[in-house]
Amino acid sequence: MEIQGKSVFSGVAIGPLSIYAKADNVVKRVKIQDADSEIKRFEDAKEEAKKQLQELHDKALKEVGEANAEIFEVHQMMLDDGDYVDSITNIITSQLVNAEYAVATTGDNFSQMFAAMDDDYMRARSADIKDISNRVVSILQGAVNGGIASDVPVILLADDLAPSETVQLDKSLVLSFVTRGGSTNSHTAILARTMSIPSLIGAQYPEDINGHMGIVDGYKGILIVDPDEETLAFYKKKQEEDNEKKRLLQELKGKENITLDGKKINLYANIGGVGDVADVLQNDAGGIGLFRSEFLYLGCDDYPSEEQQFQAYKSVAETMAGKKVIIRTLDIGADKQVDYFHLAKEENPAMGYRAIRICLDRPDIFKTQLRALFRASYYGNIGIMYPMIISMDEVRQIKVIVAEVKAELDEQGIPYGEVEQGVMIETPAAVLISDELAKEVDFFSIGTNDLTQYTLACDRQNAAIEKIADPHHPAVLKAIQMTIENGHKGGAWVGICGELGADTTLTETFLRMGIDELSVSPSRILTVREAIRKVDLSK
Ligand code: PEP
Ligand code: MG
């Protein structure tokens, strides 16, 4: 069987097909006959949860340090707490109900009890109890490994994946994403490119292919189910050829991003978290042009503390060893929903309460992040940029808050470094006032994903209008040109960090427009470098 989709990253993936097990938040109360076997189900799920927490602990230890990893040890201990376990087994035996219900009920009861305590420390444990209970419930419901019901790498099938779901995934188990919905600029697609794995969107697969063998052809945009021997052999050979091409691209490592006539630009990488830095270095990026800091918030159950953020930013800055690291302040809302922000449901979330609008409204959250960023700037070459800007007033408000943060740090004797500050140009409003904005900032970074969405009035999440949401539309290209011209006139350098920056059919166009920097997925660095080195601007 062949299913047509649209490719978001080329290449070939071969492996078992696995349908994403969405976390089912509704826990049903089901009567059972055999309490002993239900208790055994709970005990097994508890052991699996402890195993997952140990793995999370080891990963966090490597990525964000001991202080942040400790929580996963605490969670493991809580799972073995006598009162907690007794309550669950008692509900199962006395009410003859399913383990999911007993765990969820105990989780609710205990977290309410902790929330009502006087002691701050104990009150804070309320969220932890909820968290460990949710983990055990989702294991009982079959959603192991963050939604992947498999221990071997799979081609993951889903309607679509929200950013809050992708952060939970065990990425080492994903060979490819195939989604029914989604769009080229959706975050699942961006993740696929960051991970350099062939992936499809808009592929209407049937439910009954779960567990079958599959091939994703990221060149033709097709998913092949149950391939015959001949097809399998053909694609294995294609995979080998791809690996050979990748090896050849490696020869561009260490070379400059320079055109044939000698124009050099900066080629940086986009990342979602500390874990992506290894890819940045491996692909020889000159810096990080977009660190989507909101993924740090998406990966937590509560607001990340200043210290937690500081450790993450510092670690990236230190690892990049003096190379530029541009961190974008919190860009949530729209498709990136974080439960603990309790954002109201909106009719038009893309045009709603998001990004800088939330930060300026909630200076407590914004200041915590800015303090962490400025503190981390002492340990490397950090730049900060602000998303979704539409007015000069926003820039003025940001400046006041930044000045307050710096004054506080000065007063406390906390050191910070020189920080370049810029705005993202992702709305037509920002393009039209880019002449004024340029005088106020050090740089512009053009977010072509949102700029395309807002210029063409095409929701980037809507697969139905994918065909007309064309980032090559002359209006988008003119907006980019105008931004570059106004940026340069006002003394700001200009880069592109949206997905269009990696489109090598436009590399020459961007260079002719005078772009100073391109920031692309780590996996695209060497391909874009190759394209730059073929351009001759003198012709
Ligand atoms: C963009 O809009 O182009 C961008 C880089 O930001 P994000 O994709 O995270 O919205
Ligand atoms: Mg954006």
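If you're wondering where the values come from, they're calculated on a predicted model, not measured in any experiment. Every number for a ligand or one of its atoms is a count from 1 in the order of the listing.
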Inset, instruction - Ignoring angles and geometry beyond distance, decide whether Arg328 reaches within less than 3.5 Å of ligand 1 through its nitrogen or oxygen atoms. - result: yes
Legend entry - Six-ring centre of Tyr205, Arg180 cation under 6.0 angstrom, axis tolerance 45°: yes
Inset, instruction - Grab the two heavy atoms, one from Ile356 and one from Met388, that are nearest each other, plus how far apart they are. - result: CG2-O, 3.7 Å
Legend entry - Close-contact set for ligand 1 against Cys497 heavy atoms, below 4.0 Å: 5 (C)
Inset, instruction - Using a cut-off of 2.8 Å, find all protein N, O or S atoms closer to the Mg ion (ligand 2) than that distance. - result: Glu426 OE1, Asp450 OD2
Legend entry - Point-to-point distance, once rounded to the nearest 0.5 Å, from CG of Leu518 to OG of Ser445: 10.0 Å
Legend entry - Ring-face cation of Arg375 near Phe310 (centre distance under 6.0 Å, axis angle within 45°): yes
Legend entry - Per-atom contacts, ligand 1 versus Leu290 - under 4.0 Å to a heavy atom: 5 (C)
Inset, instruction - Using non-hydrogen atoms of the residue, decide whether Lys336 is closer than 4.0 angstrom to ligand 1. - result: yes
Legend entry - For Met385 against Gly289, the heavy-atom pair lying closest together: CE-O, 3.4 Å
Inset, instruction - Could you tell me if the ring centre of Tyr303 sits under 6.0 Å from that of Tyr297? - result: no
Inset, instruction - Give a yes or no on whether Tyr378 atom OH has more than 12 heavy-atom contacts from other residues, nucleotides or ligands under 6.0 Å away. - result: no
Inset, instruction - Quick one: closest heavy-atom pair of Ile332 and Leu330, and the distance? - result: CG2-CD1, 3.5 Å
Legend entry - Glu426 neighbourhood, listing ligand 1 atoms whose heavy-atom distance to it stays under 4.0 Å: 1 (C), 2 (O), 4 (C), 6 (O)
Legend entry - Distance-only N or O hit between ligand 1 and Glu294, under 3.5 Å: no
Inset, instruction - Could you tell me if any non-hydrogen atom of Glu499 lies under 4.0 Å from any atom of ligand 1? - result: no
